[in-house]
Amino acid sequence: MTDLTGTLTVVTGGGQGVGFALAAEAARLGSRVVIGSLTDAAAAVEKLRSEGYEADWFQVDVSHPDEVEAFATFVQGKHGPANVVINNAAGGGAQGSLFDSDVDALRRTLEVNVLGYIWIIRAFAGDLVAKAKEDKPAYVLNVGSEHSLGVPPHVMPLSGYTISKQADLAITETARRDLAATGVQVSLLAPGWVLTESVSAIMDKSEEFRAAVEPYTQPAADVARIAFEGLSNGRQIIVTNPKSVPFARARAEAVLRDLDAAGRGGGQDQSGDISKCPVMGH
């Protein structure tokens, strides 16, 4: 993707980290940018403006559908319809296994990382469909993770986060199906460790953490560049880090083995003909 001139990009959680890198890359490609953020994103907007880009922000908690609707109304009223909608906001901070994650943190993680993505897509879908009808850029980019591809063996247990990011792949696949006839493209970004401000700060405090994580990191700007290249190439899943490939491939191969086993037995109809579904018509 080399030119987004005349378009509008909306990025949730765009005040820092991967979200800001995506906002900056969209701006570099010629798009106007509106950031949706739970925390103050004025510094991020000022940085973009200082580099000659057009940017704005709006405070929103994406887990609340009424706030998301207010965000969409603000964007549409002040800046017009969106061409690119990037779901990046993340929250909750659930850590550990399913059995020791804090209940409130786990609930918050799912509300932000899963329901928040759904509310944003619903709020901006009308814009995107209209842009696609005009043969203009119309994209949804859901920021997942290498956790969307499986359970990374090189990462400490983050079960709530992993569940939410695998759900983001499901959201991407269902939205892609539901919008297929409209021309709107829906993709998932699946980065590994990204060298953001927060990750760098932890590295500075812990050499042990640095030694464990640094071999897997990528600069945020590289992730953003790969993301927009993937959108341009029509990729459904945009994997940014080669380090993610081995365990994701192993998971895919395990699924294929199970599918092969199912295909060899049972004597059931394998045609995939939806008209034969016993639920259809009821």
Side-chain angles (χ1 to χ4, degrees), residues 1-37 41 43-57 82-90 117 120 128 131 136-149 152 165 168-169 172 176 184-201 203 213-246 248:
M1 183 177 295
T2 58
D3 189 6
L4 286 177
T5 301
T7 67
L8 177 66
T9 297
V10 173
V11 186
T12 66
Q16 60 183 348
V18 174
F20 178 75
L22 290 165
E25 181 67 10
R28 188 186 70 79
L29 293 170
S31 185
R32 294 170 291 128
V33 173
V34 180
I35 292 170
S37 179
V45 166
E46 183 54 38
K47 179 172 175 56
L48 292 173
R49 289 175 177 172
S50 71
E51 295 174 2
Y53 302 126
E54 186 175 340
D56 202 354
W57 81 283
N83 297 86
V84 183
V85 174
I86 301 177
N87 264 319
N88 172 74
Y117 278 35
I120 287 289
L128 298 172
K131 288 297 182 182
K136 301 288 179 60
Y139 299 99
V140 174
L141 180 65
N142 293 322
V143 178
S145 164
E146 63 180 357
H147 290 251
S148 304
L149 311 174
K165 289 300 157 182
D168 290 340
L169 175 57
T172 300
R176 193 176 178 98
V184 177
Q185 179 181 317
V186 186
S187 300
L188 178 89
L189 180 65
W193 282 101
V194 183
L195 200 57
T196 61
E197 302 93 332
S198 58
V199 171
S200 295
M203 284 184 176
V213 169
E214 196 165 33
Y216 299 98
T217 59
Q218 286 181 296
D222 288 353
V223 170
R225 175 183 52 78
I226 294 169
F228 280 94
E229 288 175 355
L231 284 180
S232 180
N233 293 329
R235 287 165 57 192
Q236 179 174 347
I237 302 176
I238 305 167
V239 180
T240 72
N241 197 328
K243 301 286 189 180
S244 305
V245 173

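Numbering of residues begins at 1 and proceeds along the displayed sequence.
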Please round to the nearest 0.5 Å and tell me the distance separating atom CD of Glu25 and atom OG of Ser31. 11.0 Å

Run through Val186, Leu231, Leu188, Ile86 and flag the one making a side-chain contact (heavy atoms from CB on, under 4.5 Å) with Val140. Val186

Run Leu128 and Val85 through side chain to side chain contact (heavy atoms under 4.5 Å, CB included) and show every step you take. CA-CA 8 Å; Leu128 298 172; Val85 174; 4.0 Å; yes

Can you tell if the side chain of Leu48 reaches within under 4.5 Å of the side chain of Phe20, non-hydrogen atoms only? yes

Gap separating the CG atom of Leu189 from the CG atom of Asn87, nearest 0.5 angstrom: 12.0 Å

For a side chain to side chain contact (heavy atoms under 4.5 Å, CB included) check, start with the C-alpha distance between Trp193 and Val199, then their side-chain angles and the critical distance, and finish with the verdict. CA-CA 8 Å; Trp193 282 101; Val199 171; 4.2 Å; yes

Any donor-acceptor N/O pair, Thr196 side chain to Gly17 backbone, under 3.5 Å: no

Side-chain (Thr5) to main-chain (Gly30) donor-acceptor, under 3.5 angstrom: no

Quick one: are Val143 and Leu22 in side-chain contact, heavy atoms under 4.5 Å? yes

What distance do Arg176 atom CZ and Asn142 atom CG have between them, rounded to the nearest 0.5 Å? 11.0 Å

Looking only at heavy atoms, the pair that brings Lys165 and Ser148 closest together is O-OG, 2.8 Å

Exercise: identify the closest heavy-atom pair between Ala248 and Leu149: CB-CB, 3.7 Å

Do Thr12 side-chain atoms and Asn88 backbone N/O form a donor-acceptor pair below 3.5 Å? yes

Give a yes or no answer on whether the side chain of Asp168 reaches the backbone of Gly144 with a donor-acceptor pair at less than 3.5 Å. no

Would Leu29 and Thr7 count as a side chain to side chain contact (heavy atoms under 4.5 Å, CB included) if you check the C-alpha gap in whole Å, the side-chain angles of each, and the deciding distance to 0.1 Å? CA-CA 10 Å; Leu29 293 170; Thr7 67; over 6 Å; no

For the residue pair Arg49 and Asp56, establish whether any side-chain heavy-atom pair is separated by less than 4.5 Å. yes

Within-4.5 Å side-chain heavy-atom neighbours: Gln218 and Thr240: yes

Side chain Ser50, main chain Lys47, donor-acceptor under 3.5 Å: yes

With side chain to side chain contact (heavy atoms under 4.5 Å, CB included) as the test, would you mind laying out the steps for Glu54 and Val34 before giving the verdict? CA-CA 9 Å; Glu54 186 175 340; Val34 180; over 6 Å; no

I need the minimum non-hydrogen distance between Thr172 and Ser187, along with the two atoms involved. CG2-C, 3.6 Å

List the atom of Ala26, the atom of Phe228, and the distance in Å for their closest heavy-atom pair. CB-CZ, 3.7 Å

Greater than 12 external heavy atoms within 6.0 Å of Gln16's CD: no

Shortest non-hydrogen pair, Ala44 vs Gly14, comes out as CB-O, 4.2 Å

To the nearest 0.5 Å, tell me how far Leu8 CG sits from Lys136 NZ. 12.5 Å

Where Val45 and Ala55 come nearest, the two heavy atoms and their spacing: CG1-O, 3.6 Å

With a 3.5 Å distance limit and no angle check, can you tell me whether Asn241 reaches the backbone of Pro191 through a side-chain donor-acceptor pair? no

Taking the side chain as every heavy atom from C-beta outward, state whether Ile238 and Leu141 have any atom pair closer than 4.5 Å. yes

